[in-house]
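Here's the structure, in structure tokens; my notes come after.
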Number of protein chains: 2
Amino acid sequence: MPRAGLTQARVVDVAIALVDERGLAALTLAAVAQRCGVAAPSLYKHVSNIADLRTLVGVRVLQEMTGELATAISGRSGADAVASLMWAYRDYVTEHPARYAAMPVDPLHQPQFAKAGWRMLEVIQAALRPWGLDEPNLIHAIRAARVIVHGFASLEAAGGFGLPHGLDETFERVIRMFLATLPEL
Amino acid sequence: MPRAGLTQARVVDVAIALVDERGLAALTLAAVAQRCGVAAPSLYKHVSNIADLRTLVGVRVLQEMTGELATAISGRSGADAVASLMWAYRDYVTEHPARYAAMPVDPLHQPQFAKAGWRMLEVIQAALRPWGLDEPNLIHAIRAARVIVHGFASLEAAGGFGLPHGLDETFERVIRMFLATLPEL
DNA sequence: AGGGTTAGCTATTGCGATTAGCATAAAAGC
DNA sequence: GCTTTTATGCTAATCGCAATAGCTAACCCT
């Protein structure tokens with residue numbers, strides 16, 4: 001009986017593919033095992049349980065998205081960088097709507113997510129740096145940015161907008177709305 | 001063996017209490033049955049299955065929230081009404097954080113939710129009426145309002161904001177941000 | 001080649017959802 | 001009031017998924 005050559009990373013790959021295709025609710029150990037060509041209990045050699053697998057998927061998504069955001073702001077600054085960041089956030093979600101549901105909403109409070117969560121926060125902070133906001137104003141600005149970007153993304157990913165008609169325009173407007181609240185540069 | 005006197009409405013009451021206390025993930029037929037003092041299969045006399053129960057809970061929450069929103073704008077108009085509406089939305093969520101997760105994000109597309117969903121939409125439209133926006137602008141405005149209010153509420157309900165310090169101030173700012181994008185009255 | 005480690009397997013348990021079929025309480029008809 | 005009907009709750013049983021225990025064989029290293 002030959003080995004399947006699984007690793008934790010491969011299991012997570014398969015899990016993400018499954019989520020992409022059938023939604024987050026379809027992420028079960030049984031389904032992942034089947035796709036890996038392995039019996040379900042075998043997966044326990046690579047992940048400790050289903051909660052662990054979900055966490056690993058979440059971390060992956062968070063990291064992947066952070067990478068996209070970092071790329072989006074590189075070489076840009078000011079309003080240009082912020083707009084690019086917000087578009088990259090939305091783009092990630094429209095490209096992988098099901099994955100977004102796997103991303104933790106409060107990464108900073110869960111040890112497994114903390115590192116990846118802080119990295120994303122740093123990227124956002126970097127984009128806002130040119131404004132030189134003091135501590136409380138920076139916090140409000142980051143919160144507002146998250147509200148907009150997460151609100152839009154989660155509604156869109158869940159099909160909450162009804163007709164997709166003119167969604168790009170709506171997104172453009174909320175970005176302008178946000179930028180308008182930042183002191184002029 | 002005396003009857004428990006269950007009705008669909010009572011089952012939903014119990015389900016909501018369960019969600020409030022232990023979170024949406026704890027909503028199982030087994031747990032509801034136990035709280036009703038009844039064997040699990042007995043619940044099938046009142047709901048068709050677990051998905052049905054979840055839907056019924058979602059409809060309840062949607063209706064309840066719509067009621068709060070309607071109350072919040074009654075007797076007000078213009079920016080006052082909109083701000084009151086948005087605060088009422090957030091207040092509902094902070095008072096019943098777990099319930100919010102039971103509310104459908106795209107009510108208009110699911111027959112069971114459509115009626116309650118349209119009612120909520122009407123309330124929001126009513127608040128925006130004084131601006132006399134034309135069709136496309138009204139759509140953008142409603143979307144933006146939902147993005148803000150849902151983004152904030154879902155982040156807060158999920159503990160996504162870290163320190164709750166200054167959250168009221170943040171919310172006030174995003175409301176002002178939204179109102180500023182509406183043409184002056 | 002041999003010994004330890006590791007990846008996979010089968011068997012089993014437990015829990016929740018769901019269905020089938022039974023019994024009786026409650027309501028409706030006479 | 002008594003019968004008939006309906007509806008509510010029950011037990012028993014099945015299915016799917018998570019999880020654990022214990023076995024075996026593949027891989028790695030010397």
Side-chain angles (χ1 to χ4, degrees), chain A residues 1-61 98-99 101-102 104 110-113, chain B residues 1-61 98-99 101-102 104 110-113:
Chain A
M1 37 226 69
R3 293 202 178 177
L6 286 185
T7 64
Q8 188 177 74
R10 279 197 49 66
V11 171
V12 173
D13 290 343
V14 170
I16 288 180
L18 186 66
V19 169
D20 281 342
E21 289 173 36
R22 312 225 309 257
L24 187 61
L27 178 56
T28 66
L29 286 176
V32 171
Q34 191 181 15
R35 287 203 171 207
C36 290
V38 138
S42 306
L43 292 180
Y44 287 85
K45 291 288 151 85
H46 306 285
V47 300
S48 19
N49 49 45
I50 235 271
D52 184 35
L53 177 57
R54 281 194 274 251
T55 299
L56 292 167
V57 168
V59 169
R60 253 304 179 71
V61 171
R99 273 182 217 187
Q110 298 162 261
Q112 311 104 327
F113 294 118
Chain B
M1 39 223 69
R3 292 203 180 176
L6 284 186
T7 65
Q8 189 178 75
R10 278 197 48 66
V11 171
V12 174
D13 290 343
V14 170
I16 288 180
L18 187 65
V19 169
D20 281 343
E21 289 173 35
R22 312 224 309 256
L24 188 60
L27 178 56
T28 67
L29 286 176
V32 171
Q34 192 180 16
R35 287 203 172 206
C36 291
V38 138
S42 306
L43 293 180
Y44 287 83
K45 292 289 150 85
H46 306 284
V47 300
S48 23
N49 50 45
I50 234 267
D52 184 35
L53 178 57
R54 282 194 272 252
T55 299
L56 291 168
V57 168
V59 170
R60 251 310 177 67
V61 171
R99 275 182 216 186
Q110 298 162 262
Q112 313 105 327
F113 294 118

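First the proteins, then the strands, lettered A, B, ... as listed; each starts at 1.
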Q: Among C:dT18, D:dC17, D:dA26, find the nucleotide with the atom closest to the side chain of B:L29.
A: C:dT18
Q: Compare the minimum distances between each of C:dG8, C:dT18, C:dA11 and the side chain of A:A4, then state the nucleotide with the smallest one.
A: C:dG8
Q) Among D:dA12, D:dA19, D:dA25, which nucleotide sits nearest the side chain of A:R3? A) D:dA25
**Q.** Between D:dT11 (P) and B:L43 (CG): distance, integer Å
**A.** 13 Å
Q: Identify which nucleotide among D:dG9, D:dA18, C:dT18 has an atom closest to any side-chain atom of A:I50, counting heavy atoms from C-beta outward.
A: D:dA18
Q. Closest to the B:T28 side chain: C:dG16, C:dA20, D:dA19?
A. C:dG16
Q.
What's the closest nucleotide to the side chain of B:L6 if the choices are C:dT10, C:dA17, D:dG9?
A. D:dG9
Q | 4.5 Å side-chain heavy-atom contact, A:R60 and A:D13 | A | yes
Q: State, yes or no, whether a side-chain contact exists between A:T28 and A:V32 at a heavy-atom distance under 4.5 Å.
A: no
Q) Just to confirm, is there a sub-4.0 Å distance from OP1 or OP2 of C:dC9 to any side-chain nitrogen or oxygen of A:S42? A) yes
Q: Quickly work out the A:L53 CG to D:dA19 P distance and round it to whole Å.
A: 10 Å
**Q.** Whole angstrom value for the distance that separates P of D:dA19 from CG of A:D52
**A.** 10 Å
Q: Would you indicate, yes or no, if D:dG9 has its OP1 or OP2 atom less than 4.0 angstrom from a side-chain nitrogen or oxygen of B:H46?
A: yes
(Q) Return whichever of A:A51 or B:A39 has its heavy-atom-nearest nucleotide of DNA chain D closer to the 5' end. (A) B:A39
Q: Please tell me which of the listed nucleotides, D:dT20, D:dA25, D:dC17, lies nearest to the side chain of A:A30?
A: D:dC17
